[in-house]
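Atoms considered below: every heavy atom in the structure, side chains included; atoms not considered: hydrogens, waters and symmetry mates.
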Amino acid sequence: MNDKGGSYAEYVVVSEETVAPMPDGLNMLMAGGLPIAGVTALSNLQVSGTGNKTKLMLWGASGGVGHVALQLAKRMGANVFAIASGADGVALVKQLGADEAVDGHSDDVVQRTRAFAPDGFDVALVLVGGDTVQSTLSLVRQGGTIAFPNGVMPEPLALDGVELKKANGFANPTLLDQLNRLIDMGEFQVHIAQTFGLEEAAQAQSAMKQHYLGKIVLRVSGE
C-alpha cells in the first residue's frame, strides 16, 4: 500500500511496514483487492467503537469497502443492518452475513432502518453520500458515532450528542496484523466483480463508473 498515491505498475517499492502475509484462504486476486478496502473498513470500525452487540447501520454495504466492513463487523460481534445497492447487492450482503439488508434505492429505507433498531443505532458507518443517507442518520442514538472515510460526498452530518469521526486507512503493522487475525477466523470473501489486465486500466476505470459489487481488480501478467 502506498499512502502517497501513485499509478498502476507491474513493480513497486514499498516500506516493509506496509506489507503483510497473504491471509490463508485468499487467492492472489482476492488478496490484491483487499488491502485498501480492509484497512479503511477496519480503521472506521475501530474509531467508532464497534464491538460485541453493537447495532451498526452500514451504508454502501455491497461496495468495495462495505462488503469487507460487513464481514469484519460480524466477526467483531456487531448486529449489522446493511444498506446495499440493487437486488444483487442485497443478495450479496445477506450471503455475507448481514442480519438484515435493504436496497438503498427502495422507498422504505428509513422505515426498515427504524424497525431494526427502534432504540437507535450505536454506530453508522457511511461509505456513500446522499439525501437518503442523511435522512437515516437521525436514527443514531445519543452517545453514538457516525464514522466515514475520506471521499464520501457530501460528508455526513451528525445531530447534537452524536460523535462524527473521519478515519482513513493507512497501513501499519498493528492494523495489518489485526486485519489478518479477523480474516483468519473463518471463510472470508473478497468479492471480485471484474478483472482486467494491466494494459486494460482505462477500461477498468470506465467499469468503475457502472453498477458493480465488491472490487474491480487489475491483473498483472502471469497472475
Side-chain angles (χ1 to χ4, degrees), residues 1-45 58 60-75 80 82 84-98 101 125 127-128 149 151 168-173 175-223:
M1 293 183 58
N2 178 9
D3 59 10
K4 297 180 181 178
S7 57
Y8 305 123
E10 191 169 355
Y11 297 98
V12 63
V13 177
V14 297
S15 165
E16 64 181 355
E17 293 190 349
T18 63
V19 297
M22 187 170 76
D24 293 337
L26 299 189
N27 60 33
M28 191 64 72
L29 287 176
M30 288 181 175
L34 174 65
I36 293 176
V39 297
T40 300
L42 185 54
S43 295
N44 278 274
L45 290 169
L58 177 57
S62 56
V65 176
H67 84 289
V68 172
L70 166 61
Q71 295 173 84
L72 295 177
K74 289 303 301 177
R75 292 173 190 219
V80 182
S85 178
D88 53 348
V90 170
L92 173 64
V93 299
K94 285 182 176 178
Q95 184 258 317
L96 294 178
L125 175 51
L127 302 172
V128 295
N168 297 310
F170 295 108
N172 63 68
L175 189 64
L176 290 170
D177 181 63
Q178 291 169 337
L179 178 62
N180 274 5
R181 283 192 288 106
L182 285 167
I183 290 172
D184 286 340
M185 288 174 65
E187 183 178 353
F188 194 91
Q189 183 178 155
V190 180
H191 184 81
I192 306 298
Q194 289 179 272
T195 62
F196 294 86
L198 190 60
E199 70 281 1
E200 300 173 312
Q203 293 96 305
Q205 290 290 149
S206 296
M208 291 175 66
K209 299 176 183 178
Q210 309 301 318
H211 172 75
Y212 68 95
L213 307 179
K215 299 289 294 183
I216 290 175
V217 175
L218 286 181
R219 183 184 62 254
V220 177
S221 179
E223 296 295 341

Is any side-chain heavy atom of Val14 closer than 4.5 Å to one of Glu16? no
Just how far is it from atom CG of Leu179 to atom CG of Asp184, taken to the nearest 0.5 Å? 9.5 Å
Taking all atoms of both residues into account, what is the closest heavy-atom pair of Leu198 and Ala9, and its distance? CD2-C, 4.0 Å
At what distance, to the nearest 0.5 angstrom, does CG of Leu92 lie from NZ of Lys94? 12.0 Å
Can you name the nearest heavy-atom pair linking Ala204 to Ile216, along with the distance? CB-CG2, 4.3 Å
Would the distance check show the side chain of His67 and the main-chain N or O of His191 forming a donor-acceptor pair, the cut-off being under 3.5 Å? yes
About how many Å separate CD of Gln205 and CD of Glu200, when rounded to the nearest 0.5 Å? 13.0 Å
Rounded distance [0.5 Å steps], CG in Asn27 versus CE in Met22: 7.5 Å
Calculate, to the nearest 0.5 Å, the distance between atoms CG and CG belonging to Leu175 and Leu42 respectively. 5.0 Å
If you take all heavy atoms of Val65 and Thr40, which pair is closest and at what distance? CG1-CG2, 4.1 Å
Rounded at 0.5 Å granularity, tell me how far OG in Ser43 sits from CD in Gln178. 9.0 Å
Is it the case that atom CD in Glu17 sees more than 12 heavy atoms from other parts of the structure closer than 6.0 Å? no
I would like to know whether Met28 and Arg219 meet side chain to side chain contact (heavy atoms under 4.5 Å, CB included); could you show each step before the answer? CA-CA 9 Å; Met28 191 64 72; Arg219 183 184 62 254; over 6 Å; no
Which pair of non-hydrogen atoms, one from Phe188 and one from Leu26, has the smallest distance, and what is that distance? O-CD2, 3.7 Å
Residue pair Asn180 / Pro21: nearest heavy atoms and the distance that separates them: ND2-O, 3.0 Å
Do Gln189 side-chain atoms and Leu96 backbone N/O form a donor-acceptor pair below 3.5 Å? no
State, yes or no, whether a side-chain contact exists between Ser85 and Val128 at a heavy-atom distance under 4.5 Å. no
Heavy-atom side-chain contact between Leu58 and Leu127 under 4.5 Å: yes
Is there a donor-acceptor pair closer than 3.5 Å between any side-chain N or O of Arg75 and the backbone N or O of Ile183? yes
Of all heavy-atom pairs linking Ala37 and Gly64, the shortest is CB-O, 3.5 Å
